[in-house]
Trainee: 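Next up is a structure, given as structure tokens.
Chain letters run A, B, ... following the sequence lines, proteins first and then strands; every chain starts at 1.
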2 protein chains.
Amino acid sequence: MSGIRLGRVQWRIMQVLWEKGRVNAREITDALNRIEPIAHSTVQTLLRKLENKGAIDHDIDERTFIFYPLVEVENVTRSALKDFVDKIFEGSPAGLVSYLIKNEYIPPEELENIRKLINKREK
Amino acid sequence: MSGIRLGRVQWRIMQVLWEKGRVNAREITDALNRIEPIAHSTVQTLLRKLENKGAIDHDIDERTFIFYPLVEVENVTRSALKDFVDKIFEGSPAGLVSYLIKNEYIPPEELENIRKLINKREK
DNA sequence: AAAGTAAATTTACTATAGTAATATAATTTG
DNA sequence: CAAATTATATTACTATAGTAAATTTACTTT
């Protein structure tokens, strides 16, 4: 497959890293717990797994690990998108977009924005 | 989470079932092998797992199992889409569509079709 | 110095996806 | 009728995601 694959919770962790840049494990746990409960040791396990697969690395400040991303959100998004579109929309992003519009996933007020994006692309 | 979750290969198998309606394991293996190599016993394992999770069932004709889908492609697509959009686009399908258009995932000739779909939705 | 606190490390377990060889049973064919 | 074919069933293994308790280690505070 494409590049790095992340599970749901791993993605949440990466989002914190991408947003904040450099954080320790505790801050990540706290951030995630604002959304849904998760044990600190779980976060640490996933941080180790993320590090093993090369998605992140850490420095050491005093005795705490400061984690930071090694992969860019653009790249990981791109490969996740590719996997998804390949799996479900036969590799056609346009098929996905059509599906979303036809099946009313896009609220009317967003349709106008999307039309503008198309105009920008076409000009 | 939403409904039934399928892996990549499980999805391929379901696509065969959705397309053909009722088929035996051998036909599925043959169909998949037109795309990429897979052992027949692997297909059978996955068919059993799909049956365990309630995605398919089978009748018996002589001594061969005839498999057929129990879940509809619309439902499974919907839940896969929800998981994906929740994970990566903060639950916003419009965010996904904008991303695809901005990042040139949609070839120019498709843009016109999409514009038409928007018009249809807006009228 | 002892006790508490907070960090990383170790260990362990469940669940799912994918992989497939091997075994068994029944039918078809030479 | 023996042999080949073809079905299903059994068994087993790897990899990954997620879950988290328990342990060790080091610093802080009383």
Trainee: Reckon Arg26(B) has a side-chain N or O less than 4.0 Å from the OP1 or OP2 of dA7(D)?
Mentor: yes
Trainee: To the nearest 0.5 Å, what is the distance between NE2 (His58(A)) and CG (Asn24(A))?
Mentor: 12.0 Å
Trainee: In whole Å, I'd like the distance from the CD1 atom of Ile4(B) to the C1' atom of dA17(C).
Mentor: 15 Å
Trainee: Taking the minimum atom-to-atom distance to the side chain of Lys49(B), which one of dT8(D), dA17(C), dA8(C) wins?
Mentor: dA17(C)
Trainee: Take atom CZ of Arg12(B) and atom C1' of dA17(C), then tell me their distance rounded to the nearest Å.
Mentor: 15 Å
Trainee: When the distance from CD1 of Ile28(B) to C1' of dT8(D) is rounded to whole Å, what number comes out?
Mentor: 14 Å
Trainee: Mind calculating the distance between CD (Glu27(A)) and C1' (dA6(C)) to the nearest angstrom?
Mentor: 14 Å
Trainee: If I take atom CG in residue Leu46(A) and atom P in nucleotide dA15(D), what distance separates them, rounded to the nearest angstrom?
Mentor: 19 Å
Trainee: What's the closest nucleotide to the side chain of Thr42(A) if the choices are dA9(D), dC27(D), dG18(D)?
Mentor: dG18(D)
Trainee: The side chain of Phe65(B) is closest to which nucleotide in this list: dA8(C), dA9(D), dT19(D)?
Mentor: dA9(D)
Trainee: Considering only heavy atoms from C-beta outward, does the side chain of Leu96(B) approach that of Leu81(A) to under 4.5 Å?
Mentor: yes
Trainee: What's the closest nucleotide to the side chain of Thr45(B) if the choices are dA6(C), dT19(C), dA8(C)?
Mentor: dT19(C)
Trainee: Does Thr64(A) use its side chain to pair, donor to acceptor, with the backbone of Asp61(A) at less than 3.5 Å?
Mentor: yes
Trainee: Tell me which nucleotide among dA8(C), dT19(D), dG18(C) gets nearest to the side chain of Ala25(A).
Mentor: dA8(C)
Trainee: Under 4.0 Å between a side-chain N/O of Lys53(A) and OP1 or OP2 of dA17(D), yes or no?
Mentor: yes
Trainee: Taking only the side-chain nitrogens and oxygens of Gln44(A), find out if one of them lies under 4.0 Å from OP1 or OP2 of dT9(C).
Mentor: no
Trainee: I need the CD1-P distance between Ile38(B) and dA20(C), as an integer number of Å.
Mentor: 7 Å
Trainee: Mind checking the CG-CZ spacing from Leu46(A) to Arg12(A)? Nearest 0.5 Å is all I need.
Mentor: 13.0 Å
Trainee: Among dT19(D), dT10(C), dA25(C), find the nucleotide with the atom closest to the side chain of Arg48(A).
Mentor: dT10(C)
Trainee: Below 3.5 Å, does any donor atom in the side chain of Ser41(B) face an acceptor in the base of dA21(C), or the other way round?
Mentor: yes
Trainee: Would you say the side chain of Thr64(A) and the base of dA6(C) hold a donor-acceptor pair, judged only by whether the two atoms sit under 3.5 Å apart?
Mentor: no
Trainee: In whole angstrom, what separates Asn24(A)'s CG from dA6(C)'s P?
Mentor: 12 Å
Trainee: For Leu6(A) and for Pro37(A), locate the closest nucleotide of DNA chain D by heavy-atom distance; then report the residue assigned to the nucleotide nearer the 5' terminus.
Mentor: Leu6(A)
Trainee: Rounded to the nearest angstrom, tell me the gap between atom CG in Leu47(B) and atom C1' in dT8(D).
Mentor: 11 Å
Trainee: Any heavy-atom pair between the side chains of Thr77(A) and Trp11(A) that's under 4.5 Å?
Mentor: yes
Trainee: Walk me through it: do Phe67(A) and Ile13(A) pass the test side-chain contact (heavy atoms from CB on, under 4.5 Å)?
Mentor: CA-CA 11 Å; Phe67(A) 294 94; Ile13(A) 290 174; over 6 Å; no
Trainee: Select one nucleotide: of dA20(C), dT19(C), dA26(C), the one nearest the side-chain heavy atoms of Arg63(B).
Mentor: dA26(C)
